[in-house]
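One structure below.
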Amino acid sequence: MRRFLVLLKKELRELLTPQMLVPFLVAVLMFAFLGSILSQEEEKTRSTQSIGVVDLDETDTSKSIERALDNAGFAAVDLGGTAPESMTEELRARNLSIGLYIPEGFEAQVDAGRPADLQTYAVVRSFSLMSLGQTEMLKSVLSAVSSSISSQLIAEGMPGTDPDAVKHPVEFTEHVAVGTMEAPVPLDAVYGLIEQQTLFIPIILFIVIVFASQMIATTIASEKENKTLETLLASPITRRSLVMAKMVAAGLVALLSAAAYLIGLGYYFKGLTGGTDTLFETSSGTVDVASALGLGLETVDWMMLGTTLFLSILIALAMAVIIGGFAESVKSVQALITPLIILTLIPYFLSMLIDIESTAPALRAFVMAIPFTHAFTAAPNLFLGNQMRVVLGAAYQVLWLLALVVIAARIFSTDRILTMKLGFRRRRHRTANP
Amino acid sequence: MPQAVLEVRGLTKAYGQIEALKGIDFEVAEGEVFALIGPNGAGKTTALRVVATILRASAGSVSVEGIDALKEPDRVREIISYLPEEAGTYKSMTGETYLKFVANLFYADPEKRSAALERGRVIAGLDERLGDKSGSYSKGMARKLLLARTIMTEPRLAILDEPTSGLDVLNALEVRDIVKRYAKGGAAVLLSSHNMLEIEYVSDRVALIHEGRIVDTGSPAELKLKHGADTLEDVFAAVAS
Ligand SMILES: Nc1ncnc2c1ncn2[C@@H]1O[C@H](COP(=O)(O)OP(=O)(O)OP(=O)(O)O)[C@@H](O)[C@H]1O
Ligand SMILES: [Mg+2]
């Protein structure tokens with residue numbers, strides 16, 4: 001145990017070098033930085049919802065549009081008598097992104113019962129995710145305008161009726177069932193919530209698996225490349241502690257990196273979505289979608305999730321130990337580790353894009369055979385109440401891990417770690433007996 | 001004859017199809033420096049690696065202080081020390097840190113640890129450069145650091161594969177003296193070298209190894225006499241051709 005700790009310290013020192021840590025710190029800071037920019041952008045779009053308005057009609061109806069905009073939370077900026085052809089120019093000059101042009105005779109058209117003309121102008125400044133909000137903004141401007149005018153028409157044509165009751169003659173109460181739970185909440189709220197909660201885990205799992213396996217394969221390959229392996233193997237350390245020290249060191253650094261990424265990505269997504277909001281107003285009061293549908297994870301669920309994630313990391317580490325045994329140099333690690341990365345990418349993408357459970361049997365069997373799949377599908381399965389699936393998946397992962405550890409230990413306790421190579425054998429000597 | 005520290009019997013080793021060792025026997029006594037000499041590819045490194053417990057023998061037996069190295073390699077590793085033909089240090093560690101790491105690995109007792117560390121510092125002889133990253137060392141400096149780590153743990157059997165390779169004349173002389181003195185202190189040394197002058201100076205007995213077999217064994221003087229040669233180089237040439 002003492003020797004294991006001495007070795008662990010050495011491994012950690014080898015791993016926690018600036019070359020290893022800087023790129024990863026940069027990535028985390030970048031996520032946090034992006035997140036803070038995104039949330040600033042959100043603030044901006046939220047606060048500056050000004051609409052340029054040209055009103056050549058100057059009637060009660062056209063004036064009511066401005067009031068309707070005001071009620072919908074937009075600020076109308078009067079552009080005076082700007083001509084249609086200079087609308088965009090004017091909008092650009094005032095840094096507005098949407099403008100309305102109400103021509104003369106607007107009210108007359110409305111009163112005549114004909115669809116009235118109204119021009120809108122939108123200035124697109126970038127194609128970033130954040131500017132997609134512009135579409136939403138235009139949509140709500142248009143609906144505010146139509147709604148206000150139709151209300152006016154209803155009020156005039158059917159005195160004494162509530163325009164809202166005419167426009168929304170049906171009141172919908174949505175009911176959503178997930179797993180065994182059911183609640184009166186909006187469907188899109190449920191999807192939004194699941195997406196938010198399950199987006200993180202696969203990304204981080206993927207990053208950590210790649211990072212950890214690269215790390216451990218590199219330390220083994222570098223023992224070979226720097227010719228320190230032979231002295232290490234002749235030192236009084238059991239092969240088991242040797243492999244364990246490398247795995248534990250890489251595992252610890254991987255968990256550290258996972259925590260850091262979690263924080264970094266946390267900022268990023270907070271910036272992107274404006275934080276997690278699981279509360280929704282319904283006709284029967286405020287409902288917490290997460291708890292109403294059992295979409296929050298209980299302690300047991302978290303433990304199951306943690307177990308399968310941890311098993312995945314250990315499996316990746318054991319695979320990487322074997323890969324490191326084949327690698328002759330640090331450079332060749334990159335190429336050798338590619339199959340492992342692909343093995344992780346397949347379930348990562350598939351679990352994001354499709355429901356693996358309902359794919360063709362052959363594909364499903366293939367994907368399920370990959371041990372990492374069970375970690376990627378664990379969170380959705382837990383949300384859906386398929387606890388048994390997760391337990392079986394974890395059991396399958398344990399089998400993989402045991403087999404891999406046996407193979408890795410064999411490689412280290414026989415000559416193979418010294419003599420095993422992939423590709424051409426470069427020999428310094430000619431054969432002793434041809 | 002003093003008690004044998006190392007006994008090798010009928011040792012064979014094959015790498016797949018290549019038979020690197022075809023049954024060799026030798027023993028190294030306490031206080032003795034035993035050298036393996038022979039042409040490139042003869043099987044010297046292979047023999048040292050098997051004795052150092054990092055390769056498994058295909059057949060035969062190796063025992064160190066009566067402990068079977070094939071059955072109980074972990075126990076043997078406690079009392080041996082191995083300097084590989086091509087060895088390196090952990091580049092990001094300083095020489096001092098590297099010696100400390102080795103001392104920590106071998107000794108639980110802090111006093112023994114610091115005594116070993118002190119022996120290591122003296123053998124390495126790097127003075128203030130000991131505090132520099134070992135990645136910045138020249139080949140010879142790194143070699144001396146590795147030799148220091150090999151001897152400082154006072155192994156019962158020191159296994160040295162071409163210990164002076166890459167060293168300048170003065171450093172090589174110093175290392176030979178260290179090795180000789182170390183054996184005389186009551187341990188056993190098994191080494192290989194291509195420098196016949198070095199072999200003559202440092203070793204008590206020599207085994208000539210050729211194509212995986214030991215073709216002759218004896219003290220340098222005995223071998224010269226037997227082969228009617230003036231130098232060990234001539235003996236080598238006679239056997240290897
Ligand atoms: N890892 C290996 N895989 C296959 N064959 C090997 C391996 N290592 C050594 N050999 C072969 O075993 C034989 C003995 O090699 P060894 O390294 O023991 O020679 P040596 O006597 O130390 O030579 P040198 O004087 O050049 O150091 C050679 O034919 C060599 O090609
Ligand atoms: Mg050799």
Side-chain angles (χ1 to χ4, degrees), chain A residues 1-21 218-219 221-242 245 329-330 410-421 425-434, chain B residues 13 15-22 39-43 45-46 48-56 73-93 97-98 100-108 134-135 142 146 149-150 153 159 161 210-213:
Chain A
M1 191 62 193
R2 187 185 62 80
R3 281 174 175 159
F4 168 77
L5 291 177
V6 172
L7 215 56
L8 181 63
K9 198 174 129 198
K10 172 224 142 200
E11 297 298 342
L12 284 174
R13 187 183 1 229
E14 294 277 293
L15 287 180
L16 299 172
T17 55
Q19 297 95 304
M20 208 86 170
L21 290 180
T218 303
T219 69
S222 88
E223 298 259 12
K224 286 188 176 186
E225 189 173 302
N226 297 326
K227 308 280 178 210
T228 50
L229 186 61
E230 280 189 61
T231 11
L232 190 66
L233 288 175
S235 301
I237 313 150
T238 60
R239 297 298 183 250
R240 207 180 42 231
S241 340
L242 211 152
S329 66
V330 174
R410 274 192 74 88
I411 288 174
F412 265 82
S413 56
T414 59
D415 307 353
R416 289 207 187 85
I417 189 72
L418 279 181
T419 56
M420 179 168 76
K421 289 162 192 172
R425 273 186 192 172
R426 276 181 300 112
R427 272 188 219 126
R428 294 196 315 124
H429 313 301
R430 267 183 296 130
T431 314
N433 56 335
Chain B
K13 173 67 192 175
Y15 298 101
Q17 297 296 311
I18 304 165
E19 264 203 307
L21 294 174
K22 298 166 187 163
N40 293 136
T45 297
T46 304
L48 299 191
R49 280 176 165 180
V50 174
V51 173
T53 74
I54 66 171
L55 284 188
R56 294 185 75 82
D74 280 326
R75 276 184 68 202
V76 167
R77 284 178 201 130
E78 303 271 349
I79 53 171
I80 63 167
S81 200
Y82 172 50
L83 175 63
E85 180 176 358
E86 284 179 76
T89 55
Y90 296 101
K91 293 193 163 71
S92 63
M93 284 191 196
T97 322
Y98 182 61
K100 262 192 196 137
F101 161 64
V102 176
N104 285 340
L105 212 50
F106 272 82
Y107 301 104
S134 69
L146 285 160
R149 84 142 271 174
T150 312
T153 58
I159 304 155
D161 201 348
H210 187 49
E211 295 188 348
R213 287 199 175 85

Starting at [atom1] of [X], measure out to [atom2] of [Y] and round the result to the nearest 0.5 Å.
X        : Y        : atom1 : atom2 : result
A/Thr238 : B/Asp74  : OG1   : CG    : 6.0 Å
A/Asn226 : B/Thr89  : CG    : OG1   : 8.0 Å
A/Glu230 : B/Leu55  : CD    : CG    : 8.0 Å
B/Phe106 : A/Ser235 : CZ    : OG    : 5.5 Å

For chain B, find which of A/Leu233, A/Leu229, A/Thr228 contributes the most heavy-atom pairs closer than 4.5 angstrom.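 Result: the option with the highest number of such pairs is A/Thr228.
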
Nearest non-hydrogen partners of B/Ala52 and A/Ala234, listed with the distance: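 Smallest heavy-atom distance, with atoms named: O-CB, 3.8 Å.
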
Which atoms of B/Arg149 are under 4.5 Å from chain A, going by heavy atoms: the side chain, the backbone, both sets, or neither?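 For B/Arg149, the side chain is the part near chain A, not the backbone.
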
Name the region of B/Lys13, side chain, backbone, both or neither, that has any atom closer than 4.5 Å to a heavy atom of chain A.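 Answer is side chain: those atoms of B/Lys13 sit under 4.5 Å from chain A.
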
Among B/Ser81, B/Ala87, B/Gly135, residue most engaged with chain A (heavy-atom pairs, under 4.5 Å):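 The residue among B/Ser81, B/Ala87, B/Gly135 with the greatest pair count is B/Ala87.
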
Is A/Arg13 atom CZ crowded by more than 12 heavy atoms from other residues, nucleotides or ligands, each under 6.0 Å away?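 Result for CZ/A/Arg13: enclosed.
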
Do A/Lys224 and B/Glu86 pass the salt bridge (Lys or Arg N to Asp or Glu O under 4.0 Å) test, and can you show the C-alpha distance, the side-chain angles, and the key distance before you say yes or no? CA-CA 11 Å; A/Lys224 286 188 176 186; B/Glu86 284 179 76; over 6 Å; no

Ion pair present between B/Lys91 and A/Glu223, side-chain N to carboxylate O less than 4.0 angstrom?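 The answer is no: the pair does not qualify as a salt bridge.
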
Any side-chain heavy atom of A/Glu14 sitting closer than 4.5 Å to one from B/Ser92?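 A/Glu14 reaches B/Ser92 side chain to side chain.
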
Going by heavy atoms in the side chains, are B/Tyr90 and A/Leu232 under 4.5 Å from each other?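 A side-chain contact under 4.5 Å exists here.
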
Give, as side chain, backbone, both or neither, the part of A/Ile237 having an atom under 4.5 angstrom from any heavy atom of chain B.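 Backbone plus side chain of A/Ile237, per the 4.5 Å heavy-atom cut-off to chain B.
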
Non-hydrogen atoms of chain B under 4.5 Å away: do they reach the side chain of A/Arg2, the backbone, both or neither?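 Contact with chain B: side chain only.
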
Has the side chain of B/Arg56 got a donor or acceptor atom that lies under 3.5 Å from a matching backbone atom of A/Asp415?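 Not confirmed, B/Arg56 side chain does not pair with A/Asp415 backbone.
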
Test side chain to side chain contact (heavy atoms under 4.5 Å, CB included) applied to A/Val6 and B/Phe101, step by step: CA-CA 7 Å; A/Val6 172; B/Phe101 161 64; 3.8 Å; yes

Would A/Lys10 and B/Met93 count as a side chain to side chain contact (heavy atoms under 4.5 Å, CB included) here? Give the steps. CA-CA 9 Å; A/Lys10 172 224 142 200; B/Met93 284 191 196; 3.4 Å; yes

